[in-house]
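I have placed the structure first, in the form of structure tokens, so that the comments after it can refer back to it.
Every chain is numbered from 1, with letters handed out A, B, ... down the list of sequences.
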Amino acid sequence: MGLALRHAHRWDLSPREAAGLQARLRPLVLAEDALPAEIRAVAGVDVGFEDRGRITRAAVAVLDFPSLRLIDQSIVRQPTCFPYIPGLLSFRELPALLEALERLNFLPELILVDGHGYAHPRRFGIACHLGVLTEIPTIGVGKTRLVGTHGELAEERGSWIPLIDSDEIVGAVVRTRRGVQPVYVSVGHRLSLSTAVDWVLRCAPRYRLPETTRQAHRLASD
DNA sequence: GCGACAG
DNA sequence: ATCTTGTCGC
């Protein structure tokens, strides 16, 4: 309860129609800080698959901030409705994820998504899509690159450099832990890139991936 | 036509 | 994402 979809739409679209919808929703993304003054709960969302991909399992882990203790969770299983197509990930994972969010007892003020946000071919990755539909601030945290190039990143935790695509800064390559591969951070909705990087570092005090993502992944996997 | 390609 | 054993390093 409490979750009101601002721009709900149909999900039974062809890949071509899906790409067109992304272009239509893209202008709704706000890449400026518009978060609540106090953030008490941060959530991580992730999706796993069963039965060789026929079943989609979406999970949401809500953590108290700054303790990062799990305070609420939700797991939803649904028949998979869309194939995996690079650039159209949200049409495969969001239906189940939105259902999981609706079943939450406590809504978070910020969501870290497993996948890119603005660092996307049409600047509308799954983090942007989820943010625009729910109006909850979101951050895209990818484990691998979808678009863009970047230079050498310093080794120390906390260092970051811009991710550039078509002469535009679309995200940041962030070192959340020394000696491990960086993560790709980008704006989802209602915050700036630097604020997004700050929150990812605050939520990933020890491991490569944010605690939010780790918890959600655990729920969506085993 | 030849690669690249989130999860 | 998922299918899968051992292995290198702190």
Side-chain angles (χ1 to χ4, degrees), chain A residues 11 15-16 18-19 21-23 25-26 29 43-61 75-101 111-132 138-150 155-157 163-166 168 170-189 193 196 200 204 206-210 212-222:
Chain A
W11 293 98
R16 171 168 226 160
L21 179 58
Q22 292 181 321
L25 297 178
R26 176 174 62 180
V29 170
V45 297
D46 192 23
V47 168
F49 297 90
E50 301 173 9
D51 194 21
R52 291 193 310 170
R54 285 190 273 270
I55 297 296
T56 294
R57 182 172 46 200
V60 182
I75 302 176
V76 162
R77 297 169 76 257
Q78 289 183 359
T80 300
C81 65
F82 199 84
Y84 169 66
I85 300 175
L88 299 178
L89 181 66
S90 62
F91 294 89
R92 177 177 174 80
E93 305 192 339
L94 279 193
L97 230 33
L98 289 170
E99 178 63 37
L101 281 168
I111 301 175
L112 272 62
V113 183
D114 68 316
H116 299 101
Y118 195 76
H120 175 277
R122 289 171 292 282
R123 307 293 184 257
F124 197 74
I126 186 170
C128 297
H129 202 156
L130 179 60
V132 165
T138 57
I139 298 174
V141 184
K143 296 184 289 295
T144 60
R145 187 189 64 82
L146 175 59
V147 297
T149 59
H150 62 82
E155 288 299 322
E156 62 263 46
R157 168 188 146 74
L163 174 65
I164 298 178
D165 185 48
S166 301
E168 176 185 22
V170 298
V173 186
V174 184
R175 190 82 74 185
T176 51
R177 176 175 181 168
R178 178 157 212 142
V180 300
Q181 288 298 107
V183 293
Y184 297 80
V185 178
S186 60
V187 167
H189 190 46
L193 179 58
V200 166
R206 179 162 187 199
Y207 300 106
R208 181 200 180 207
L209 298 180
T212 43
T213 304
R214 287 165 49 78
Q215 291 300 310
H217 188 278
R218 179 179 59 72
L219 295 174
S221 296
D222 67 40

Atom pair CZ (R57(A)) and CG (D46(A)), whose distance is rounded to the nearest 0.5 Å: 10.0 Å
From T56(A) atom OG1 to L94(A) atom CG, the distance as rounded to the nearest 0.5 Å: 11.5 Å
Output the rounded distance in Å from [atom1] ([X]) to [atom2] ([N]).
| X | N | atom1 | atom2 | value |
| --- | --- | --- | --- | --- |
| R57(A) | dT2(C) | CZ | P | 8 Å |
| D114(A) | dA1(C) | CG | P | 8 Å |
| L89(A) | dG7(B) | CG | P | 8 Å |
| L97(A) | dA1(C) | CG | P | 14 Å |
| H217(A) | dG7(B) | NE2 | P | 10 Å |
| I85(A) | dC5(B) | CD1 | P | 17 Å |
| D46(A) | dT2(C) | CG | P | 8 Å |
| R145(A) | dA6(B) | CZ | C1' | 11 Å |

Aromatic plane relationship, Y184(A) with H116(A) - under 30° parallel, 30 to 60° tilted, over 60° perpendicular: perpendicular
Ring geometry between F91(A) and F82(A) (parallel below 30°, tilted from 30 to 60°, perpendicular above 60°): tilted
Checking all strands, does [X] fall into the base, sugar-phosphate, or nothing category for heavy-atom contacts under 4.0 angstrom?
| X | result |
| --- | --- |
| G87(A) | base |
| L88(A) | base |
| G125(A) | base |

At under 4.0 Å, does any side-chain N or O of [X] touch on OP1 or OP2 of [N]?
| X | N | value |
| --- | --- | --- |
| H116(A) | dG7(B) | no |
| Y84(A) | dA6(B) | yes |
| T144(A) | dG7(B) | yes |
| K143(A) | dG7(B) | yes |

Closest listed nucleotide, where the reference is the side chain of H120(A) and the choices are dA6(B), dA1(C), dC5(B): dA6(B)
Greater than 12 external heavy atoms within 6.0 Å of R54(A)'s CZ: yes
